[in-house]
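Shown below is the structure under consideration.
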Protein chains: 2
Amino acid sequence: MHDALQKFQTFLKAHSHSCTKVREQIFLAMLDQEPLTMRELVKKLGDKVDRASVYRTVHLLESLGVIERLAQGWKYKLELSDEFSEHHHHITCLNCGKVVPIEEVEEIENLIIQLAKSQGFHSFSHQLEIRGTCSACSMI
Amino acid sequence: MHDALQKFQTFLKAHSHSCTKVREQIFLAMLDQEPLTMRELVKKLGDKVDRASVYRTVHLLESLGVIERLAQGWKYKLELSDEFSEHHHHITCLNCGKVVPIEEVEEIENLIIQLAKSQGFHSFSHQLEIRGTCSACSMI
DNA sequence: ATATTTGCAAAGGCTTTGCAACCCC
DNA sequence: GGGGTTGCAAAGCCTTTGCAAATAT
């Protein structure tokens, strides 16, 4: 079976939350996916899960750090956090909307942490959004 | 008079857009301010400017690069872009909501541009959001 | 068995749009 | 004067909420 799914189930129990079908379905819908908008996620789950439950579950999983929200210009997209997937920065093509995940770059991570520290902040997380044009769209 | 306002007026004309009272008022409401939410901006303009006009103007100014949207967790905030104000990255305190602007750090800027290039992207802009706790809130 | 979670339907917000009146050039 | 802007009111989305039925432990 899915290693990731089991990890998720264990995680939920460890945090005193029930392990329900709805939550599993939402988790699976997001596993190994490009970041999704709420609209896409709701649509993908079709009539399997009610819209309100998707919102409620996303809130819950976000508060537990399983899901993260990415700024995408006006809107946002959702993806599983580091612990359940990979990479965490993105480049968005302003022309075609393509989103490319980027591996963590330790050099940047460290600078960011130092930057926060220099302001007296203790940083928990950060998010980097880069906007530009992808190679295909740059040629137009 | 306001240097910045004149610059703004000139900018609008240079881009073939009318220089109206509504646009000036919105610009002034954002000048030298902490980043504002749409709600705050609308409220600040009170009955001087209609809500719909605020939205329309923000769209326009955003497309011209005068205004930028910052991701702030769930929501977003608005601020004037580099050309009309200063600084462009922020640290948000997850506890008290305080937002601290950070000077550009050339080292990070360069790494980000290189990063985009390595993916075949031509980057126009980027946004860095750091979340953590400020010094005051860390002590609690 | 019981506390939690879900679907449904309705309400609440935020954002956009059509159109007539108004303003800038 | 005429095209671009604005206010108003209404429509469209997105998100949240109350509650009874269903589900997990």
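The chains referred to below are lettered A, B, ... by the order of the sequence lines, with proteins before strands, and numbering in each begins at 1.
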* Expressed in angstrom and rounded to an integer, what is the separation of B/Glu40 atom CD from C/dC14 atom C1'? ->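 After rounding, the gap between these two atoms is 15 Å.
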* Please report, rounded to the nearest Å, how far the C1' atom of C/dG7 is from the OH atom of A/Tyr55. =>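 It works out to 16 Å between those atoms.
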* Asked: Hey, what's the ring geometry for B/Phe8 with B/Phe84, parallel, tilted or perpendicular (30° and 60° as the breaks)?
  ->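 Correct class here is perpendicular.
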* Asked: Roughly how many Å is it from NZ in B/Lys21 to C1' in C/dC25, rounded to a whole number?
  ->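 Going from B/Lys21 (NZ) to C/dC25 (C1'), I get 15 Å.
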* Starting from P on C/dC23, measure out to CD on B/Gln25 and report it in whole angstrom. =>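 Nearest whole value for this atom pair: 13 Å.
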* Take the protein atom CD1 of A/Ile26 and the nucleotide atom P of C/dG7, then report the distance between them rounded to whole Å. =>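 Distance check: A/Ile26 CD1 to C/dG7 P gives 8 Å.
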* Return the nearest nucleotide to the side chain of B/Asp50; candidates are D/dG7, C/dC8, D/dT5. =>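 Nearest to the side chain of B/Asp50 among the choices is D/dG7.
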* Whole angstrom is fine here: how far is it from CG in A/Leu12 over to P in D/dT23? =>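 Atom CG in A/Leu12 sits about 19 Å away from atom P in D/dT23.
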* Can you tell me the distance, in whole Å, between the CZ atom of B/Arg23 and the P atom of D/dG4? =>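 Going from CZ in B/Arg23 over to P in D/dG4 covers 11 Å.
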* Asked: Looking only at side-chain N and O atoms, does A/His59 come under 4.0 Å of OP1 or OP2 in D/dT16?
  ->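 Yes.
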* Asked: Which listed nucleotide (D/dT15, D/dT6, C/dT4) is nearest to the side chain of A/Ser18?
  ->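 Minimum distance to the A/Ser18 side chain belongs to C/dT4.
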* For residues B/Leu64 and B/Phe11, determine if any side-chain heavy atom of one lies less than 4.5 Å from a side-chain heavy atom of the other. =>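 Heavy-atom side-chain distance check passes, below 4.5 Å.
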* Residue closer to the 5' end of DNA chain C, B/Lys13 versus A/Leu60 (nearest nucleotide) ->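 Going by which nucleotide is closer to the 5' end, it is A/Leu60.
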* **Interatomic distance where CD belongs to B/Glu24 and P belongs to D/dT5 [whole Å]** =>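 Distance check: B/Glu24 CD to D/dT5 P gives 14 Å.
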* **Side-chain heavy-atom pair A/Arg69, A/Val58 within 4.5 angstrom cut-off** =>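 A side-chain contact under 4.5 Å exists here.
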* Within-4.5 Å side-chain heavy-atom neighbours: B/Thr20 and B/Thr57 ->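 They are not in contact (no side-chain heavy atoms under 4.5 Å apart), so the answer is no.
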* Is there a donor and acceptor pair, one atom on the side chain of B/Arg56 and one on the base of D/dG7, closer than 3.5 Å? ->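 A donor-acceptor contact between them is present.
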* To do: For A/Arg51 and for B/His17, locate the closest nucleotide of DNA chain C by heavy-atom distance; then report the residue assigned to the nucleotide nearer the 5' terminus.
  =>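 Residue closer to the 5' terminus by nearest nucleotide: A/Arg51.
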* Nucleotide nearest A/Val22 (side chain, heavy atoms from C-beta), chosen from D/dT6, C/dG7, C/dC25 ->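 Within the option list, the nearest is C/dG7.
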* **Residue pair A/Ile67 / A/Leu80, side-chain heavy-atom distance below 4.5 Å** =>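 In contact.
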* Nearest to the side chain of B/Ser53, which nucleotide is it out of C/dA9, C/dG13, D/dT6? ->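 Nearest to the side chain of B/Ser53 among the choices is D/dT6.
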